[in-house]
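Below is one structure; the comments refer to it alone.
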Amino acid sequence: VSQVEASRPNMNSSVSEIRRRLLFLLVRAFGIVVFLSFLFFTIAIGYFLTTPSSPVLSDVASTLEAYYLAKGSWEGVDEVFVSSNRFESRNNALLVDNNYHLILDGREDPTLTIGSTYQVQDNDRVSPLIVRGQTVGYLVLQQSSIADRFMFVGAIFIPITIIMFFLAVFLVIVATLLIRRFVNPLADMIFAAREVADGKLDTRIHKKGPQDLQSLSESFNEMASSLERSDRERRDMLADIAHELRTPLSVIRGRLEGIVDGIYSENGSQISMALEQTYLLQRLVDDLRLLTLAETRQLQFDKRNINVGHVVESVLDVFSAEAQE
């Protein structure tokens, strides 16, 4: 009991060390996920701030060209595109004719009136509208200013930050549950495996955690019990072998010492008895070799048909003399 109590603080410290290491792995994985998410978000913001705000509206341009081809002019184009909200959805898009007179203004705060001349800016993206080989107008895309983009990023960043905060709280709760249900049982199991590897085969694990970990703990305990039983049987077998070998060796030694000291004659019955003991030793050694081959699954079987009656008769002949005595 004193040895168990003395080793308990060491065991607790080892389990705590394993638990801290598993917790560190979990926190590191969480940190990697957060870092990759932040990196992706930063790259996306940088791309948004350094690239034009809208791509060329090829689909709208094709639709406008088809409209002009069908009507032959831009008359009534505002009724079609404004009523269907297909143009206003592109906030920075403008439609001008081939003389840059404004026809449609899709900006949120238009500063020009319809029919006025639009001055193309350096950062505008102009897509010509070509019908039957002639330019009939232009689709202009204005680039958003940096201030507008930062306002847009701020409008997105605040709700994302709130979402990430609640997600972090949720992950902390999940991590706590994982520690109680998975990390602690795994730490106990790793420590028990180390104890068994060090030769402490009486180590067992208390069942706790989810069903799969309980099944794993049960399998580990069965394995440890099997190893302990095998080790005990091996020790008992070694003790039995030592006992069986000690008897014939003692007899042979006693007879040979008697012959050397002149107590027994060199050609008497004592030599025959010593020879019988050597036969016994040889049979024991052969049995040990047979057991070794059987345990290592190298034992070769010679299968053949025999007459069991003859085997029984030969055994009776061997022991009949002793039975008569």
I want to check something: taking the side chain as every heavy atom from C-beta on, are [X] and [Y] in contact at a cut-off of under 4.5 Å?
| X | Y | result |
| --- | --- | --- |
| Val136 | Ile130 | no |
| Ile190 | Arg194 | yes |
| Ser116 | His101 | no |
| Val120 | Val126 | yes |
| Val196 | Phe220 | yes |

**Message:** Which residue is it: Glu228, Glu195, Glu222? I am looking for the one with a salt bridge (charged side-chain N to carboxylate O under 4.0 Å, His left out) to Arg204.
**Reply:** Glu228
Just verifying a value: how many Å separate [X] [atom1] and [Y] [atom2], rounded to the nearest 0.5 Å?
| X | Y | atom1 | atom2 | answer |
| --- | --- | --- | --- | --- |
| Ile205 | Glu218 | CD1 | CD | 11.5 Å |
| Glu65 | Ser127 | CD | OG | 7.0 Å |
| Thr247 | Gln277 | OG1 | CD | 8.5 Å |
| Asp287 | Gln282 | CG | CD | 10.5 Å |
| Glu313 | Leu316 | CD | CG | 7.5 Å |
| Glu325 | Ser320 | CD | OG | 10.0 Å |

**For Tyr68, all residues meeting ring-ring contact (aromatic ring centres under 6.0 Å, His included), sequence neighbours excluded** = Trp74
Are any side-chain N or O atoms of [X] and backbone N or O atoms of [Y], one a donor and one an acceptor, separated by less than 3.5 Å?
| X | Y | answer |
| --- | --- | --- |
| Asp97 | Asn99 | yes |
| Ser314 | Val311 | yes |
| Asn307 | Gly309 | yes |
| Ser226 | Met223 | no |

Is there a path of hydrophobic side-chain contacts, each under 4.5 Å between heavy atoms of I/L/V/M/F/W/Y residues, joining [Y] to [X]?
| X | Y | value |
| --- | --- | --- |
| Leu227 | Leu216 | yes |
| Leu281 | Leu256 | yes |
| Val315 | Val312 | no |
| Leu139 | Leu69 | yes |
| Met237 | Val285 | no |

Compare every heavy atom of [Y] with every heavy atom of [X], then report the nearest pair and how far apart it is.
| X | Y | result |
| --- | --- | --- |
| Ile241 | Leu288 | CD1-CD2, 3.1 Å |
| Val140 | Tyr118 | CG1-CE2, 3.9 Å |
| His206 | Ser217 | O-OG, 4.4 Å |
| Thr203 | Ala224 | O-CB, 3.8 Å |

**Request:** List the steps, then state whether side-chain contact (heavy atoms from CB on, under 4.5 Å) holds for Phe166 with Ile162.
**Result:** CA-CA 6 Å; Phe166 285 105; Ile162 296 175; 3.5 Å; yes
**Charged N-O contact under 4.0 Å between Arg234 and Asp231** = yes
**Salt bridge Arg253-Glu257, side-chain N to carboxylate O under 4.0 Å** = yes
**Item:** Stepwise side-chain contact (heavy atoms from CB on, under 4.5 Å) test for Thr278 and Ile252
**Value:** CA-CA 8 Å; Thr278 58; Ile252 294 174; 3.5 Å; yes
**Message:** One pair to check against side-chain contact (heavy atoms from CB on, under 4.5 Å): Leu95 and Leu129. What are the steps and the verdict?
**Reply:** CA-CA 10 Å; Leu95 173 62; Leu129 304 176; 3.5 Å; yes
